[in-house]
Trainee: 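Mind looking over this structure? Questions follow.
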Amino acid sequence: MTEYNHLEVEKKWQEKWSESKIFESKEDSKKEKYYCLEMLPYPSGDLHMGHVRNYSIGDVYARFHRMKGKNVLYTVGWDAFGLPAENAAIKNKIHPAKWIKQNIACMRKQLKALGFSYDWNREITTCDPKYYKWTQWFFIKMWEKGLVFRKNANVNWCPVCQTVLANEQVSNSVCWRCDSHIEHKVLEQWFIKITDYADELLEGHKHLGEWSQQVLSMQKNWIGKSYGVEIDFKIPGSDKNLKIFTTRPDTIFGVTFMVVAPEHEIINELKSKIKNYKQVSQYIIASGRKSNIERVSNKKKTGIKIEGINALNLATKKEIPIFTADYVLTEYGTGAIMAVPAHDQRDWEFAKKFDIPVIEVIKGNNFDVSKHAYEDEGILVNSGEFSGIKSVDAFDVVSNWIEKQGFGKKTVIFKLKDWLVSRQRYWGAPIPMIYCDRCGIVPVSEKELPVLLPEDVEFTEAGKFHLKTNKTFINVKCPKCCKAAIRETDTIDTFVDSSWYYLRYCDSHNDNAPFVSVKADYWMPVDQYIGGIEHACMHLIYARFWFKVMRDLGFIKYDEPFTNLLTQGMVTIGGSAMSKSRGNIVNPDEILIKYGADTTRLFILFAAPIQKQFDWSFDGVEGCWRLINRVWCLFDVVNTKSIAVASHKDKNDILRAMHKTVKKVTFDIEKECQFNTAISSIMELVNELYLYKYHANDDGVSLEVYKTLILLLAPITPHLCEEIWEKLGNNEYISFHTWPVFDENMVKDSSIEIPIQINGKLKGKITISADASEIEVNKAVNSDEKISNYLKDKQIVKFTYVKNKIVTIVVK
RNA sequence: GCUGGGGUGGCGGAACUGGCAUACGCGCACGUUUGAGGGGCGUGUCCUUAAUCGGAUGCGGGUUCAAAUCCCGCCCUCAGCACCA
């Protein structure tokens, strides 16, 4: 047999698969469905190793389940709106649409060269009007349902470029393009009321038992449900109250100061009373330049005392100072806190810096609050009538008392914020809303959808697109009164596009609806979703939310979109993420050309466990290439019956090894998502077969094992396996051949080797029958020469046989 | 800072529910095949030792007959933090 020519073989099968359209799927109620989904890629230019990792996993699942006899939906699309296309447009003087189109063509070619078994007939692109028509349609549905609203929000504003900046476009409070200091500007924005679903998003975790604890706890924290108390602190000399939220009402007697966020309205409301207003407003401007992460992560707390006003703690009846400090965020709670330096480290640091008293109200064992805040449980002290009770009980006792006294009430708050979906950018789906002087805000009528994004726009060096000055776009008739009105020029956040694409895959070509329920009901929910861990919170919460809204609108009947989730680790290089901005992207083409798609796929699955980060290196690619060639060369070996050389391997040994491998590979793919160990066990079987290869008169055993081996490898290295399968005389595609089964009897060993530990140290091994009793084992141990030597002159304190695992003996 | 991961040979990693640490692969060394090179095939490869003994899973403690795995306290590192997707 000639040397394996990956270029020829891979091209041959890719063409065959494409021409025969075997991977195009249709609804078939008689067949069990399997929906395998990968996170929608952004067409950034070239495929990178993170994509290859993601889709190699997906393709293994898709192919594995096809072989298991399921009707598989597996396709791909493009998350094509968004910032990088605009940046490229400005940099290279190319229209975003054109840039995106080029990138998609390039990446599509690469995906095909990797042999992924996509149903290309269902491919979608989010910037295609046929797609975003329905994104806009959903937006209107949500508006009608009262889930869309407008309110003011802070944006990063570059005063020189006169444009809104994304967080990514700001580093160290400076605009990335012109280096000028950014400002925070308040603009009216569109929001979606995701907080209406906060509780359900949290409760829904109960039905996501197959998701990793890691993702669930990240989401839980992101949603951030906390039980606490809203408490009013009076401001003497004014009619204002300072409302705060705390999860620690038990510490109310330890409050020695208050902190409000720099954006807090009270500062403006009591402006006339504030003696150092000038300094305070300077501080507010300075903190406005920092990002939230900068504000919160700095260990050295900053802030300023607001002179002229105080707060009255109704628990202690004492007046305490009010500060403003940027470690308190306006978005969370009420934007103001009661500070308890003795029991919160952030407050403690602030108190030390500003020389504020620290009053201990929770007593811990041997703990000195003058050195550090005590944040654990304890007994209340210095707390009036509540002194002496346990802090765990105090939450209820104190908050009930506060409610009774009438200066606060128990409440639940979430960290989850309403979803800001408007973008002051060009390259996105236009928000389908119209401002009419008479009728107010009116949605575009359904028959006018999609609101097409005009293509004839200029973009300037400053990173600005002239959608607002495009008269044919903005001047419109009000759908209600037919008088002149103005169109919204903001576009929709791309996270909206990617919140429902998996439903469009179910019915990609429908021009009358986003999808029909019959099809969605058949394919949904997604059986296996695969993507990066970095999406654990935002995308995966938005998509779950969107799905629940659609359920409530009556479009689908399920509660959760993704049954199983596999979060792959990042592919890094030198320990840091590959990204266009870092310029450290490894293009898969190099190994694709040299070694082929099968080796590339095999390598990326074998190199590291899939959930873990994989630091890129070419070391090891050779080993995968070698395996493919060893498998290829075995074809001749199993067909050469004439060579009769004594083999030290028995027929039954190799059959047993085969059954064990089938069991291991099936389990690793289906249950454990452990592709690296599945592959290593296939490698072991190949090694076994090489040791066995020259066995005379093997009654076709080597051929049987070889066929099984090819079937096991088929989802991972499909081109090689199709080729060998054909050479073995099969006319059907291996891609649809039945997955091998194993015989449980052949997996069990009759005799096993058991280690023997004496006083916790390994001292020897014995071979016993698998069903031996403890008495028989004891006998075998005593008759072992080496062990009995150890046991001589010693008293046996304890003898334990853990069945099929270990013998331990404790001696004196 | 908060939240969530991770740390095992020269390297990527394996180890079921607490039960033989280092499977599989890379690299390296030696042998063999070959005119040579490449490639293939085979053997060896945690440290220490002639061998036994002994020691080793980021660091320090603890629980247990038995700990990479469980508990307590540290260190290092990666990811996310709401306008990148």
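In what follows, chains carry the letters A, B, and so on, assigned in the order in which the sequence lines appear, proteins first and then strands, with residues in each chain numbered from 1.
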Trainee: Hey, does V155(A) reach any base, or is it just sugar-phosphate, or nothing, if we go heavy atoms under 4.0 Å?
Mentor: base

Trainee: May I ask you to check whether over 12 heavy atoms, not counting those of K353(A), lie within 6.0 Å of atom NZ?
Mentor: yes

Trainee: Could you write out each protein N or O paired with an N or O of nucleotides 68-78 of chain B at a distance under 3.5 Å?
Mentor:
residue: C78(B); atom: O2'; partner: Q613(A); partner atom: OE1; Å: 2.7

Trainee: Rounded to whole angstrom, note down the C1' distance from C53(B) over to U17(B).
Mentor: 33 Å

Trainee: Regarding W222(A), tell me which of base, sugar-phosphate or nothing describes its non-hydrogen contacts under 4.0 Å with the strands shown.
Mentor: base

Trainee: Test of understanding: with salt bridge (charged side-chain N to carboxylate O under 4.0 Å, His left out), list the residues that count as partners of E534(A), not counting sequence neighbours.
Mentor: none

Trainee: N676(A) near the nucleic acid: base, sugar-phosphate alone, or nothing, with a heavy-atom cut-off under 4.0 Å?
Mentor: sugar-phosphate

Trainee: Suppose we screen for side chain to side chain contact (heavy atoms under 4.5 Å, CB included). Which residues come up paired with M683(A), at least two apart in sequence or across chains?
Mentor: F606(A), L627(A), I679(A)

Trainee: Suppose we screen for side chain to side chain contact (heavy atoms under 4.5 Å, CB included). Which residues come up paired with S499(A), at least two apart in sequence or across chains?
Mentor: W419(A), Y542(A), W546(A)

Trainee: Can you tabulate the close N/O pairs, meaning under 3.5 Å, that link protein atoms to atoms of nucleotides 25-31 of chain B?
Mentor:
residue: G25(B); atom: OP1; partner: N687(A); partner atom: ND2; Å: 3.1
residue: C26(B); atom: OP1; partner: R626(A); partner atom: NH1; Å: 2.6

Trainee: So, using side chain to side chain contact (heavy atoms under 4.5 Å, CB included) as the criterion, who are the partners of Q345(A) when residues are at least two apart?
Mentor: W348(A), E349(A), H372(A), A373(A), E375(A)

Trainee: Categorize M218(A) for me: base, sugar-phosphate, or nothing, with a 4.0 angstrom heavy-atom threshold over every strand shown.
Mentor: sugar-phosphate

Trainee: To the closest 0.5 Å, what do you measure between OG1 (T572(A)) and CG (D615(A))?
Mentor: 3.5 Å

Trainee: Walk along nucleotides 16-21 of chain B from 5' to 3' and tag each nucleotide B, S or - by protein heavy-atom contact under 4.0 Å, base first, then sugar-phosphate.
Mentor: B--BB-

Trainee: Expected output check: what is the dot-bracket annotation of RNA chain B, where ( ) and [ ] are pairs inside the strand (brackets for crossing ones), | is paired with another strand, and pairs are Watson-Crick or G-U under 3.5 Å?
Mentor: (((((((..(((......[....)))(((((((.....)))))))((......))..(((((..]....))))))))))))....

Trainee: From the list C83(B), A79(B), G13(B), which nucleotide is the closest neighbour of the side chain of L420(A)?
Mentor: C83(B)

Trainee: Tell me, please, which residues at least two apart from K290(A) pass salt bridge (charged side-chain N to carboxylate O under 4.0 Å, His left out).
Mentor: D326(A)

Trainee: What residues, two or more places apart in sequence or in another chain, satisfy side chain to side chain contact (heavy atoms under 4.5 Å, CB included) together with K663(A)?
Mentor: F742(A), E744(A), V747(A)

Trainee: How would you list, by chain and number, every residue that makes a salt bridge (charged side-chain N to carboxylate O under 4.0 Å, His left out) with R626(A), sequence neighbours excluded?
Mentor: none

Trainee: Measuring from the side chain of N156(A) (C-beta onward, heavy atoms only), which nucleotide among C83(B), G80(B), G12(B) has the closest atom?
Mentor: C83(B)

Trainee: Using a heavy-atom cut-off of 4.0 Å across all strands, would you classify Q611(A) as base, sugar-phosphate, or nothing?
Mentor: nothing

Trainee: Is P41(A) touching bases, backbone alone, or none of the nucleic acid, heavy atoms closer than 4.0 Å?
Mentor: nothing

Trainee: With sugar-phosphate meaning primed atoms plus P, OP1 and OP2, does H539(A) contact a base, only sugar-phosphate, or nothing at under 4.0 Å between heavy atoms?
Mentor: nothing

Trainee: The side chain of Y42(A) lies closest to which of these nucleotides: A85(B), C65(B), C24(B)?
Mentor: A85(B)

Trainee: Over all strands shown, is L83(A) touching base, sugar-phosphate only, or nothing at heavy-atom distances under 4.0 angstrom?
Mentor: sugar-phosphate

Trainee: Return the set of residues passing salt bridge (charged side-chain N to carboxylate O under 4.0 Å, His left out) with D344(A) (not counting sequence neighbours), or none when no residue passes.
Mentor: R346(A)

Trainee: Pick base, sugar-phosphate or nothing for Q189(A), based on heavy-atom distances below 4.0 Å to the nucleic acid.
Mentor: base

Trainee: At 4.0 Å (heavy atoms only), tell me whether F495(A) reaches a base, stays on the sugar-phosphate, or touches nothing.
Mentor: base

Trainee: Please classify the nucleic acid contact of L416(A) as base, sugar-phosphate, or nothing, using heavy-atom distances under 4.0 Å.
Mentor: base

